[in-house]
Amino acid sequence: MISFKQKVFSVVRGILAGEVLTYKEVAKRAGNEKAARAVGAILRTNFDPKIPCHRVVKSDGTIGGYNRGVSEKRRKLRRENAMVGK
DNA sequence: CATTTGACGCCAA
DNA sequence: TTTGGCGCCAAAT
């Protein structure tokens, strides 16, 4: 039985370089659009380099958080995407 | 099983 | 535009 959490990881793992999803989008793809907050909690407790969790940002365009520091996240996004938003 | 937690989202002021 | 407050949810305790 795959948990919501597993689903979230599958989705995030599938994000292509240059693609950025919001927590809400990830939640929707994982099966529950209203679980954006839970997605953050999940990505927070489970760090895994195979998962490009730095490509997940907030709906309002701000960067959100990151286990290894927001600066690091911003830097990675900047390398992959050209613009990160605000 | 009951509570707490927090990388969120949205709206009113 | 910036803040504050409330709702929502899966996980962790």
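Chain A is the first sequence line, chain B the second, and so forth, proteins listed ahead of strands; every chain is numbered from 1.
- Each of Ala35(A) and Asn46(A) has a nearest nucleotide on DNA chain C; the 5'-most of these lies closest to Ala35(A).
- For Tyr23(A) and dA7(B), a side-chain-to-base donor-acceptor distance below 3.5 Å is present, hydrogens and geometry of angles not being considered.
- A donor N or O paired with an acceptor N or O is not found under 3.5 Å between the base of dC9(C) and the side-chain atoms of Arg37(A).
- Summarising the geometry, the separation between CG on Asn32(A) and P on dG7(C) is reported as 18 Å, rounded to the nearest angstrom.
- Applying the salt bridge (Lys or Arg N to Asp or Glu O under 4.0 Å) rule to pairs touching residues 50-62 of chain A yields Arg55(A)-Glu80(A), sequence neighbours excluded.
- We find that CG of Leu43(A) is positioned 11 Å from P of dA11(C), with the value rounded to whole Å.
- Pairs of Watson-Crick or G-U wobble type, with distances under 3.5 Å, assemble into runs of 3 or more in DNA chain C at these ranges: B:2-6 with C:9-13, B:8-13 with C:2-7.
- Contact of the Glu72(A) side chain with the Lys76(A) side chain is registered, since non-hydrogen atoms from C-beta on lie closer than 4.5 Å.
- Proximity note for Tyr66(A) (side chain, C-beta onward) versus dG7(C), dA11(C), dA7(B): the nearest is dA7(B).
- For Lys58(A), counting side-chain heavy atoms from C-beta on, the closest listed nucleotide (dC9(C), dC8(B), dA11(C)) is dC8(B).
- Counting any heavy atom pair closer than 4.0 Å across all strands shown, Ala36(A) reaches sugar-phosphate atoms only and no base atom.
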Tabulated below should be each protein N or O lying under 3.5 Å from an N or O of nucleotides 10-13 of chain B; please produce it.
unit_1: dC10(B); atom_1: OP1; unit_2: Lys24(A); atom_2: NZ; d: 2.6

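- In this structure, Lys28(A) and Glu25(A) have side chains that are in contact, with non-hydrogen atoms separated by less than 4.5 Å.
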Evaluate side-chain contact (heavy atoms from CB on, under 4.5 Å) for Val12(A) paired with Ile15(A), printing each intermediate quantity in order.
-> CA-CA 5 Å; Val12(A) 178; Ile15(A) 302 178; 4.2 Å; yes
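- With contacts defined as side-chain heavy-atom distances shorter than 4.5 Å, the pair Leu77(A)/Val57(A) qualifies.
- Checking the phosphate oxygens (OP1, OP2) of dA7(B), no side-chain nitrogen or oxygen of Asn67(A) falls inside 4.0 Å.
- For the pair Lys5(A) and dA10(C), the criterion of a side-chain N or O lying under 4.0 Å from OP1 or OP2 is not met.
- Rounded to a whole Å, the NZ atom of Lys7(A) is 18 Å from the C1' atom of dA11(C).
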